[in-house]
Every structure is written in structure tokens, then in C-alpha cells.
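For reference, the structure is listed below as C-alpha cells.
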Amino acid sequence: MNELGYVLHDFVQEQVNLTRAETEEGREAATDLAWDLWDLGQERLVLPPLTGRPQLFGSFGRKTKVRSLDDIDLLVPLSVDDYWTSAHPFDPYSVDVYLPDQHALRAFLGDEHDAYLLSSAVLLRQLKLAVQSLPGLERAEIKGNGEAVSVWPRGQSWKIDLVPALPVTRPEQATHFLIPNGVRSWWRTQPALDQLRLDQADRRHGGTSDR
């Protein structure tokens, strides 16, 4: 590495990347909240059970978050089976999710205008209601873009954005998720593939992704 490379490396470490303390504090808070959400999902009172522990998502999860820490995304994988999807009539990037007759979730997740429609907006309201009673949180509110529920750990200036997700497995076993699109429908996302591409690019440029 030449002199300019060392200067840039030091600049990134000292001015751009999150500090180790910020990273550890954020991960600890997200881990604690993940366990609380897991326990909440087992009660099955206001949310479907979880298919697995919530996982770090977005730039913090990809280790690309820059200073200062303002939010952390946490993917919340919910167990919603026996649903079907339909292409959104006006948005080629979105799908609508529908619940069949007698589905256990229709009682509290059906849209007010269509009881078969699993509205992501309704699910976000239920998630907000569910987390308001969790210990260690100052407040919870639906994010302005309608894609997550934002919660503030007690005593922290930053927040954790909870992104409810419906797991989807394609025939070739490539698991991806449906997440709220900000209205009532859902977007597809594949965090594992995003992380793989980032790691490959990082290695090509001599990085370590060690944050």
C-alpha cells in the first residue's frame, strides 16, 4: 500500500467508519430486542410467530454504516404460510399478498377494504402495538415512509427500524423475503445475496469487512 493508500485507510477508519464502541453498542441493543421479539412472537397474541430470530439488515448489517450511528435495520421474519401473491396493478416492483379462507391471521391482519388482503400497513400497525410494551424501549412509531416500525432504545439517540418480512422460498431454494413497500403491498428483497455481492466487491478491492 502506498502513502496515499495509508492516508485514505486511516481517514476511513478514523472519520468514516462507525467506532468499535458504536458498533458493539448497536449490536447488543439489536440482539436484546431480537430476543424480546422472538418471545413476543411465541405468544401469538398480536403477531404471527417468527420463523427465526430477527436479523441485522441494511447498511449496519452489511457493515457499511458510516458515522454517526442514527439507525439500525432489523429484519423480523414472520411465519405466514398458505398465502398467495398477485402482481400489483400499478407498480411492477410490488406484489399484493392474499390470505385464503379460514386463515388464522385474517381476523386481525385482513385489510379493512378486503379481508383477504394481507396489508403491510395493517401488519405494521400490529407490530407497533406489539412492541410498545417491550422493556427497554422509550417509544415506537411507524416510520415516515411506511416501510418499518421505528423504536428507540431507552437512553439512546439512535433508533432501530423493525422491518416485518414474509419468508419466500423459490423452487431453486434461494430464500428471499417480502417486506412492506410503504403503502399496503410488498417488495421483494434478498439480503443474503446483497451481502454476498458486497463481500465479493470488498475482496476485489482489498478490503476486510471486519467491522
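Being a predicted model, the structure only gives us computed values, none of them experimental.
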I would like to know whether L37 and L162 meet side-chain contact (heavy atoms from CB on, under 4.5 Å); could you show each step before the answer?
-> CA-CA 10 Å; L37 288 166; L162 305 178; 3.9 Å; yes
State whether D70 and K159 are salt-bridged, where the test is any N-O pair (Lys NZ or Arg NE/NH1/NH2 against Asp/Glu carboxylate O) under 4.0 Å.
-> no
Applying side chain to side chain donor-acceptor pair (under 3.5 Å) to D91 and not counting sequence neighbours gives S94
Please check if the side chain of S79 supplies one atom and the backbone of L50 the other of a donor-acceptor pair under 3.5 Å.
-> no
Strictly by modelled atom types, are E138 and Q156 linked by a side-chain donor-acceptor pair under 3.5 Å?
-> no
Between R188 and L178 the two heavy atoms that sit nearest each other are CG-CD2, 3.5 Å
Please go through Y98's hydrophobic cluster and name the other residues, only I, L, V, M, F, W, Y counting, with side-chain heavy atoms under 4.5 Å joining them.
-> W84, Y116, L117
Test W158 against D71 for side-chain contact (heavy atoms from CB on, under 4.5 Å), laying out the working first.
-> CA-CA 5 Å; W158 44 266; D71 61 26; 5.9 Å; no
Is the backbone N or O of S119 less than 3.5 Å from a side-chain atom of R184, with the two atoms forming a donor-acceptor pair by type?
-> no
Of the non-hydrogen atoms in F90 and H88, which two are nearest, and what is the gap between them?
-> N-ND1, 3.0 Å
L118 vs L166, side-chain contact (heavy atoms from CB on, under 4.5 Å): CA-CA, chis, key distance, verdict = CA-CA 11 Å; L118 177 55; L166 310 182; 3.9 Å; yes
side-chain contact (heavy atoms from CB on, under 4.5 Å) assessment of D161 paired with V149 = CA-CA 6 Å; D161 288 336; V149 173; over 6 Å; no
Distance only, no hydrogens: is a donor on one side chain within 3.5 Å (strictly under) of an acceptor on the other, for S86 and D96?
-> no
NZ/NE/NH1/NH2 to OD/OE distance under 4.0 Å, R139 and E141 | yes
Does W35 have any side chain to side chain donor-acceptor pair (under 3.5 Å) partners at least two apart in sequence or in another chain, and if so, which?
-> none
Do P164 and S120 have side chains that get closer than 4.5 Å, going by heavy atoms?
-> no
Heavy-atom pair of closest approach, residues L78 and P167 | O-CD, 3.0 Å
Side chains of I160 and S150 in contact at under 4.5 Å (non-hydrogen atoms) = no
Is any side-chain heavy atom of L124 less than 4.5 Å from a side-chain heavy atom of K143?
-> no
